[in-house]
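What follows is a short report on a single structure.
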Amino acid sequence: MSETLPIPTVHTVADLRAIVSGWKSDGKTVGFVPTMGALHAGHISLIDIAKSRADKTVASVFVNPKQFAPGEDFGAYPRTLPDDAARLAAAGCDLLYAPNGPEMYPDGFATSVHVGGPSQELETRFRPHFFDGVATVVTKLFTQVRPDCAVFGEKDYQQLLVITRLAADLDLDVDIIPGPVVREADGLALSSRNVYLSPENRVRAVRLNALLFSCAEALEKGEPISGTLNTARMIAESAFDLVDYIEVRCAETLSALPGPVLDRPARILAAIRLGDTRLIDNVAAHPA
Ligand code: AMP
């Protein structure tokens, strides 16, 4: 236990298990919110959901090296544990689990969890090892915390579907609960990476959500998917430094939509770059 942080905090699996086992033997249910820290209101909204679904809430803060490729921002990723602990305490979270690297991946660690299905394409085209890293750490975290439910943000929509698939396929016995995207007043999705944006790029970033919402409006009016996407891609190419993708996919499976127009609940997903910062966002679109 750490005495300097304003919330009960554990750093080892043994200490974590001692506390969670105590709760379980008292008949309490456990909700879990895994994070990489640098917490903002989006993360806290997931804590609120976990608290509404379970008796006790655990949050983890672990910057998972396995989901960063060489050259990505693992070293630079913001690490703000005292602030994170204060936010979690204020939100009424019961326990912070902040393992270090060797606790999670001791010498000799040699296992990787691969999920197919929804992990294919989109993010995987640009970050091929990302979901293996995510699935591996989430499998470990679930095994360590043994929660009844876990809350994941729709901000990382593909990740949410990958984790839902993982939990079902491996009978992990954890309810995966989605949390809606929390946005700034101007619509920019909150992200720990927004701190990387220069003031000028912060202004440009707002065009991402505006573009996705206008795409959704067009598709919901019955406009053709391919024309709508072509226009969106052209606008994005001029608004951003690089466009990794803008796609419309089935909201349930992330497979491509068969028809020329929206015929089922869909998600419009995008990843773009502004300077060195990569932003992802997505919005829902429903057929009339
Ligand atoms: P991260 O710390 O970025 O790995 O995110 C931890 C969890 O917070 C994931 O389930 C994310 O999808 C979720 N999250 C991040 N940003 C937001 C947001 N703006 N709104 C809702 N959930 C979010």
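Ligands are counted one by one from 1 in listed order, and the atoms in each one are counted from 1 as well.
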Would you check the N or O atoms of V182, main chain and side chain alike, for any that come under 3.5 Å of an N or O of ligand 1?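 Between V182 and ligand 1, an N or O pair is found under 3.5 Å apart.
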Going by distance only, is there an N or O of L46 that falls short of 3.5 Å from an N or O of ligand 1?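 No, since none of the N or O atoms of L46 sits under 3.5 Å from an N or O of ligand 1.
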Element-labelled atoms of ligand 1 that are located less than 4.0 Å from some non-hydrogen atom of [X]:
X    : result
G42  : 18 (C), 20 (N), 21 (C), 22 (N)
K155 : 16 (N), 17 (C), 18 (C), 23 (C)
D156 : 11 (C), 12 (O)
L190 : 16 (N), 17 (C), 18 (C), 19 (N)
P34  : 6 (C), 7 (C)
F152 : 10 (O)
M36  : 1 (P), 2 (O), 4 (O)

Going by the side chain to side chain donor-acceptor pair (under 3.5 Å) test, which pairs reach into residues 86-99, not counting sequence neighbours?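 Counting only pairs at least two positions apart or across chains, the side chain to side chain donor-acceptor pair (under 3.5 Å) contacts touching residues 86-99 are Y97-Q144.
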Any ion pair linking [Y] and [X] (charged N to carboxylate O, less than 4.0 Å)?
X    : Y    : value
R267 : E247 : no
R278 : D244 : yes
E103 : K140 : no
R264 : E252 : no
D73  : R193 : yes

Do you see a donor-acceptor pair shorter than 3.5 Å between the side chains of Y245 and E123?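 Judged by distance alone, the side chains do pair up.
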So which protein heavy atom does atom 10 (O) of ligand 1 come closest to, and at what separation?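 Its nearest protein heavy-atom neighbour is G153 N, 2.8 Å.
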Distance from atom 1 (P) of ligand 1 to nearest protein heavy atom, with residue and atom: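 Checked against all protein heavy atoms, atom 1 (P) of ligand 1 sits closest to H43 NE2, 3.7 Å.
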Is the contact between [X] and ligand 1 made by the side chain, the backbone, both, or neither, using heavy atoms and a 4.0 Å cut-off?
X    : result
S191 : neither
E154 : neither
P180 : backbone

Look at ligand 1 and say whether R183 reaches it with a heavy atom at a distance under 4.0 Å.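 In this structure, R183 fails to qualify as a contact of ligand 1 - no heavy atom is under 4.0 Å.
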4.5 Å side-chain heavy-atom contact, T111 and T136: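 Answer no - side chains too far apart.
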Pi-cation contact, F74 with R79 (under 6.0 Å, within 45°):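 So R79 does make the cation-pi contact.
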Got a sec, which residues hit side chain to side chain contact (heavy atoms under 4.5 Å, CB included) with E184, two or more places apart in sequence or on another chain?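 Per chain and number, E184 pairs via side chain to side chain contact (heavy atoms under 4.5 Å, CB included) with D186, L188, L190, R202.
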